[in-house]
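Structure record follows, encoded as structure tokens.
Start at 1 with the first residue, then count along the sequence. Below, all heavy atoms of this structure are taken into account, side chains as well, without hydrogens, waters or symmetry copies.
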Amino acid sequence: MLRQPQHTVRRCPDCKAILSNVQGVDACPDCEWIDEPSGNGVRRDR
């Protein structure tokens with residue numbers, strides 16, 4: 001039987017919360033930080 005791949009947990013650089021991965025984009029559920037494809041994360045304005 002195939003084993004599920006093990007992935008390293010990524011944390012938000014701003015608040016250190018565990019990031020959620022939605023359709024290949026890492027996002028922080030706590031502070032709304034979003035990782036851009038360029039690798040430069042941005043915080044969403046409220």
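C28 SG to D35 CG: the interatomic distance, rounded to the nearest 0.5 Å, is 11.5 Å. L19 CG to C12 SG: the interatomic distance, rounded to the nearest 0.5 Å, is 6.0 Å.
For D26, the side-chain hydrogen bond (donor to acceptor under 3.5 Å, both in side chains) criterion is met by R10, N21, not counting sequence neighbours. With sequence neighbours excluded, no residue forms a salt bridge (Lys or Arg N to Asp or Glu O under 4.0 Å) with R11.
Residues W33 and P13 meet the side-chain proximity criterion, which asks for heavy atoms closer than 4.5 Å.
Smallest separation of non-hydrogen atoms from A27 and P29: O-CD, 3.6 Å.
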